[in-house]
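Computed from a prediction, not measured in an experiment: that's the story for all the values here.
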Amino acid sequence: MMSTQFPWLTALILFPLVASLPIPLLPNKYGKTVRWYSLSVGLAEFSLMIYAFWKHYDLQNSAYQLVEDYNWIPQIGLHWSLAVDGLSMPLVLLSGLVTTLAILASWQIKDKPRLFYVLMLVMYSAQIGVFTAQDALLFFFMWELELVPVYLLIANWGGQRRMYAATKFILYTAAGSIFILVAALAMAFYGGDFTFNLAELGLKDYSLSFELLMYGALLVAFGMKLPIFPLHTWLPDAHSEAPAPVSMVLAGVLLKMAGYALIRFNIEMLPNAHAYFAPILAVLGVVNIIYASLTAFAQNNLKRRMAYSSVAHMGFVLIGIAAFTDLGMSGALLQMVSHGLIAAALFFLSGVTYERTHTLMMDKLGGMAKQMPTTFALFTAGSMASLALPGMSGFVGELTIFLGFSSSEAYNPAFKAVIVMLAAVGVILSPIYLLSMLRTVFYGVESKELAGIRLTDAKPREAFIALCLLVPIIGIGVYPKLATQTYDAKTVAVVSQARQVLPMVAQQPSLDLKVPFAAPMIVGTEAKDLAAAMK
C-alpha cells in the first residue's frame with residue numbers, strides 16, 4: 001500500500017539525517033555556526049511533526065494513521081513501512097521536544113562539535129524510526145541505528161570512566177538486539193506466509209508454546225533497555241559518565257522505546273503469552289521499584305541517584321502494562337511521557353550543577369541555594385514532580401497505575417493487595433531519597449570544596465530549557481487530558497484485545513507448561529459474558 005498523501009513520516013525520519021550531512025563542511029569558529037545550524041534543524045523537525053499531527057492525525061481513531069508502505073528491499077522482504085497511532089504519536093512528540101532541548105543544552109560542547117551534532121541528529125532520526133516502523137526488520141534496523149550514536153557520544157564526551165560505561169552500554173543493548181532479530185525472523189517464517197509486517201504478524205495463529213518462547217525472548221531484549229532488574233546495571237554507569245544532553249535523551253526517550261515495544265510486540269502481537277507473563281511483569285515492576293529506591297540511598301553520585309530513580313519509575317510502567325485495565329494501560333503511557341519530561345529536566349539541571357562545580361559527588365556539594373537560587377528552584381520543582389507531588393504529572397501517572405491495577409479483575413484480591421502495597425513502598429521511599437538529595441546539594445553549610453568559588457546561577461538559556469520541560473509537567477498534572485486524549489482510543493483497543501484471551505486461558509488449567517504463576521482470570525459477570533461470546 002502506498003499512501004497518496006505527502007509522506008510525513010518519511011520526511012520526519014530522513015530530515016535530521018540528511019540535514020546532518022553538511023555539518024562537516026560548516027565553518028567551525030568556536031562551534032557557533034554548527035550549534036545554531038543544528039538547533040535550527042531540531043526546531044524545524046519538531047515544528048514539522050507538530051504540523052503533521054495537528055493537520056492529519058485523528059485523536060479519536062485507534063487505527064494506524066499517516067500510513068506509508070514501500071517495497072524497499074524485496075529480496076529479503078523488507079518494507080519501508082511506517083505509521084503512527086495512539087501508542088507512538090505521543091512518544092514521537094516527546095522525542096522531538098526532548099532531543100531539540102538537548103541540542104540547545106549542548107551549547108558548552110567545544111571538543112569536536114561537528115561530530116557531536118552529527119551524532120545527535122542521527123540519533124534523532126533513529127528515535128522517530130523506532131516509534132513509527134511497522135515492519136519488524138525495519139524496527140530492528142532503527143533500534144540498532146540508535147545504539148551507535150549513543151555509544152560514540154558517551155565514549156567521546158563522557159567522564160573519566162566513559163569507555164567502560166560506553167562499552168557496557170553497547171554490550172548489553174546489542175546483546176538484547178539479537179533476541180529482537182531472532183524473534184522477528186521466527187515469527188516471519190512461522191506458518192505459510194512470510195512477512196515482517198507487524199499487523200500481519202499479529203494475525204498469525206501461533207501455538208501457545210511458540211508465543212511463550214517469543215514473548216520471553218522479546219522481554220529479555222526490551223528488558224535490557226527499559227531496564228528491568230537484573231538487566232539494569234548498564235544504566236547507572238551510562239548516566240554517570242554521559243554528558244548532560246545525552247543523559248537527557250537517554251532517560252527521556254531511549255528508555256521509553258522499550259516500554260513502547262513491550263506494548264507493540266508483546267501485548268498486541270502475543271496476547272496469549274501476555275496472559276501468562278503479566279503476573280511476572282507485575283512482580284518485576286515491584287522488584288524494580290523497591291530495589292532501585294533502596295539502592296538510590298547508597299548513591300553519592302548525583303546522576304547515579306537519579307539513574308536508579310529512573311529504574312524505579314519504570315517499574316510502575318510494568319505494573320500498568322500488566323493490569324489488563326484501560327486505566328492501567330493509560331497510566332503506563334502517561335508514566336512514560338511524564339518520566340521522559342521529568343528525567344530530562346533533572347539530568348539537565350545536574351549538568352548545570354556540574355558545569356559550575358566540576359563534581360557530581362554530593363558530599364562535595366552543599367549550601368548552593370544561596371548562590372544559585374534559580375537553579376535551586378528549578379531543581380526542587382523537578383524533584384517534586386519525580387516524587388509524585390499532587391498537581392504534577394508524576395502524581396497523575398502513578399495514581400492512575402495504582403487505580404488501574406487495584407481495580408483489575410484479572411487477578412485475585414490477595415495478589416493485587418500484595419503488589420499495590422509493595423509498590424506503595426516506592427512512593428514512600430522516593431520522597432526520602434530525593435529530598436535528602438536536595439538537602440545535601442543545596443541546603444546546609446557550604447562545603448569546603450566550594451569555599452571561595454563564586455557560583456553563577458542558571459543563565460536565561462538554561463532556565464528556558466528547564467521551563468520548557470516543567471511547564472508540560474505541571475500542565476499534565478493539572479489537566480491530564482492534555483496527554484491522555486492522544487492515546488485513549490488506542491489503549492482501550494489494546495486492553496480489549498488482551499482481555500479477550502483471558503477466558504480461553506482460564507479454561508485451560510491443565511496445560512503442560514510450567515509457569516511460575518497461575519494464568520490470570522476474569523471474575524464476575526463480565527467473565528461469563530465474554531466467555532459466552534468467545535464460544
Side-chain angles (χ1 to χ4, degrees), residues 30-32 35-36 39 42 97-98 100-111 113 157 159 239-240 242-249 251-252 299-307 309 341-387 389 391-392 394 433-475:
Y30 310 112
K32 183 177 180 180
R35 288 199 302 264
W36 282 106
L39 178 60
L97 176 63
V98 172
T100 301
L101 292 175
I103 293 173
L104 181 58
S106 307
W107 239 236
Q108 302 303 318
I109 297 295
K110 297 294 193 297
D111 181 36
W157 291 273
H239 272 309
S240 62
V246 178
S247 287
M248 290 174 65
V249 179
Q299 306 306 312
N300 187 40
N301 184 293
L302 183 61
K303 291 178 72 175
R304 286 185 73 90
R305 178 168 292 201
M306 291 189 292
S309 176
L341 297 168
I342 295 170
L346 288 176
F347 279 110
F348 168 69
L349 291 169
S350 70
V352 172
T353 303
Y354 178 79
E355 286 180 9
R356 273 70 171 175
T357 62
H358 303 291
T359 182
L360 290 170
M361 307 309 292
M362 291 191 292
D363 58 356
K364 296 182 180 180
L365 303 172
M368 296 171 54
K370 292 182 180 180
Q371 294 194 62
M372 303 176 66
T374 302
T375 305
F376 167 60
L378 295 171
F379 219 125
T380 301
S383 299
M384 293 299 125
S386 185
L387 60 81
L389 182 74
M392 293 190 168
Y433 66 73
L434 288 170
L435 292 177
S436 66
M437 176 185 72
L438 285 174
R439 184 188 67 238
T440 303
V441 174
F442 291 102
Y443 286 94
V445 181
E446 188 176 68
S447 67
K448 296 179 180 179
E449 287 78 2
L450 300 180
I453 300 177
R454 181 173 178 80
L455 302 176
T456 58
D457 203 359
K459 299 175 182 177
R461 173 183 60 85
E462 296 166 331
F464 173 78
I465 293 171
L467 287 173
C468 284
L469 295 166
L470 290 173
V471 167
I473 289 171
I474 297 172

Check the pair F379, T353 against side-chain contact (heavy atoms from CB on, under 4.5 Å), reporting the backbone distance first and the verdict last.
-> CA-CA 10 Å; F379 219 125; T353 303; 3.9 Å; yes
[X] to [Y] - nearest heavy-atom pair and separation:
X    : Y    : result
S247 : H239 : OG-ND1, 3.4 Å
L378 : A463 : CD1-CA, 4.0 Å
A105 : M248 : CB-SD, 3.9 Å
A102 : V249 : CB-CG2, 3.6 Å
F347 : A307 : CZ-N, 3.9 Å
V98  : A344 : CG1-CB, 4.0 Å

Output the distance between atom [atom1] ([X]) and atom [atom2] ([Y]), rounded to the nearest 0.5 Å.
X    : Y    : atom1 : atom2 : value
L341 : S386 : CG    : OG    : 12.0 Å
L469 : I465 : CG    : CD1   : 8.5 Å
I473 : I342 : CD1   : CD1   : 5.0 Å
I109 : R35  : CD1   : CZ    : 10.0 Å
F464 : L101 : CZ    : CG    : 7.0 Å
M362 : S436 : CE    : OG    : 6.5 Å

Going by side-chain hydrogen bond (donor to acceptor under 3.5 Å, both in side chains), name the residues that satisfy it together with [X], two or more places apart in sequence or in a different chain.
X    : result
D457 : T374, T375
T100 : Y124
T359 : none
D363 : N300

May I ask you to test the L302-Y354 pair for a side-chain heavy-atom distance under 4.5 Å?
->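 In short, these two side chains do not touch, never coming nearer than 4.5 Å.
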Taking only residues two or more places apart in sequence or in another chain, which ones pass ring pair (Phe, Tyr, Trp, His ring centres under 6.0 Å) with F348?
-> none
Please work out whether the ring planes of F376 and Y443 are parallel, tilted or perpendicular, with thresholds of 30° and 60°.
-> perpendicular
Pairs satisfying side-chain hydrogen bond (donor to acceptor under 3.5 Å, both in side chains), at least one member in residues 458-475, at least two apart =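 The answer is R356-E462.
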Assess the side chains of R305 and T440: does a donor N or O sit below 3.5 Å from an acceptor N or O?
-> no
For Q371 and L455, indicate whether the former's side chain and the latter's backbone hold a donor-acceptor pair under 3.5 Å.
->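 Yes, Q371 side chain to L455 backbone: donor-acceptor pair under 3.5 Å.
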Starting from the C-alpha separation in whole Å, work towards a yes-or-no answer on side-chain contact (heavy atoms from CB on, under 4.5 Å) for L346 and K303.
-> CA-CA 9 Å; L346 288 176; K303 291 178 72 175; over 6 Å; no
Check the pair I474, M384 against side-chain contact (heavy atoms from CB on, under 4.5 Å), reporting the backbone distance first and the verdict last.
-> CA-CA 11 Å; I474 297 172; M384 293 299 125; over 6 Å; no
Worked check of side-chain contact (heavy atoms from CB on, under 4.5 Å) between M306 and M437 = CA-CA 10 Å; M306 291 189 292; M437 176 185 72; 4.2 Å; yes
